[in-house]
Amino acid sequence: MRVAIIGTGYVGLTTGVCLSFIGHQVSCLDTDESKIKALKDGHIPIYEPYLTDLIEEARTNLTFTSSYAEAIPGAEVVFIAVGTPPTPSGAPNLEYLSQAARSVGQHLDSPFTVVVNKSTVPIGSGNWVGSLLRDSVEQRQDKTLLEFAVASNPEFLREGSALHDSLYPDRIVIGADEQRALEVLYSLYRPILDQTFSAPTYLPRPETVVAVPLLSTDLASAELIKYAANAFLALKISFINEMGLLSERVGANISEVGRGIGLDSRIGNRFLSAGIGWGGSCFGKDTAALIATAGEYGLHLPIVEAAKKVNSRQRDRVVEKLLNELKILKGRTVGLLGLAFKPNTDDLREAPAIEIAQKLIDRGVRVKAHDPIAEERFQREYGHMNVHLCKNACEVADGCDALVLVTEWAEYRDLEWEEVAKKMRHPFLLDGRHSLDREKLTRAGIRYMGIS
Ligand code: UGA
């Protein structure tokens, strides 16, 4: 099928590459011409494992353009995957979505096109995009044979494992109020639903994935499923963090508590790792948007609100624990291991490291940091922050009064801890992710403490 994707961020680019890999003809459009030029030259604007390899394999089915006139005519499916950044009220900024919908409307020319909201958009956006498309089509001279329908196809991929999550998803959700739109999307996703494509060697099909469940529903339900899923995951993490606080007081081990409850199949063991809390561009934005949407209907969402409060308290706990240990923070040096909001990405949006660094700097601490991938981006976006970036973890440790493990990159698990200890002024490490081996560190002479 011929497909156009508007927006080449994490969601748009991953979707475009995966759809072209399974055999569709995909045109990825971005109005940022420099981004398109870079993509044409083989430079990928984001760090995502195996993305370069999959683009290479899908090359013959994949084109990049900045022109709606090139991308839209002939497309049977148009995905809108533009950014919806948060506004100060918590509601997402829909300006890019609106611009994209109008431009798509100006260039539609297939007898029937399905226009799909792939970005996370507020409930009701399907209807709204439909009305923008209609307005745009009506202004045209050549509108007679055009028919289109709007669908919602929320994305559940995680950064860092985006390709795996797209090729082997837990489920595909499609929502539309017109049956034929659902049928087009069913055909589009069939190779993934039936798992009939040959898996790339570097992204092998998990043994448990035989077929992928499809949920076909109405527009509003599909839109709410996306927000409800992210809110639930966010509150699962906040719940374990709240239990962590209590664990600490009663002398329990939060990792054991997480394991113990997670073995109950009704609860499940994922997203129960306690620590400094969630970051990234999705959980914070989507919980805020959900609260804002409920507000429009005069509703409060106390559970979602509590999840946000607990999350922000986790960042303060880093400072509290450092204060307890070091007594005076002014003039101290603290090293952060990891800057990205999670491993395997260079994304710094709402990264806990940024908030923690700022809180420490405000208290007169000298902050050093290392990240295997995100340093260049940090320099570009947060260069003004006065954080001293280092080449490796040992260089961070040099002269530090404390280290904080912020991002659980695999390489930090096997550091030469004796070497690290020797470099530190005060060998103390706060593990913000419960990812290091307490005994190993203790043997190396480092006082270890988890955040729970
Ligand atoms: C999240 C969802 O997991 C995806 O399903 C969704 O598609 C995506 O948002 C989105 O809406 O686009 P993502 O933000 O990429 O994906 O990353 P996650 O793996 O969910 O991690 C989010 C944050 O939670 C990270 O800071 C991570 O460190 C933290 N986390 C995760 C915990 O603190 N504890 C856990 O047990 C799990």
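Ligands are counted one by one from 1 in listed order, and the atoms in each one are counted from 1 as well.
- Closer than 4.0 angstrom to ligand 1 by heavy atom are Glu155, Phe156, Leu157, Arg158, Glu159, Lys226, Asn230, Leu233, Ile237, Phe271, Leu272, Ser273, Gly277, Trp278, Gly279, Cys282, Phe283, Asp286, Phe341, Lys342, Arg433, sorted by chain and number.
- The side-chain tip of Arg171 points at the ring of Phe156 from less than 6.0 angstrom away and within 45° of straight on.
- With sequence neighbours excluded, the residues forming a salt bridge (charged side-chain N to carboxylate O under 4.0 Å, His left out) with Glu408 are Arg433, listed by chain and number.
- Taking Glu355 as the reference, Arg315 meet the side-chain hydrogen bond (donor to acceptor under 3.5 Å, both in side chains) condition, with sequence neighbours excluded.
- Atoms OG and CD1, from Ser247 and Ile240 in turn, are 7.0 Å apart once rounded to the nearest 0.5 Å.
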Compile the donor-acceptor pairs under 3.5 Å between side chains in residues 269-277 and protein atoms, sequence neighbours left out, one pair per line.
none

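- Checked against the 6.0 Å centroid threshold, Tyr412 and His370 count as a close aromatic pair.
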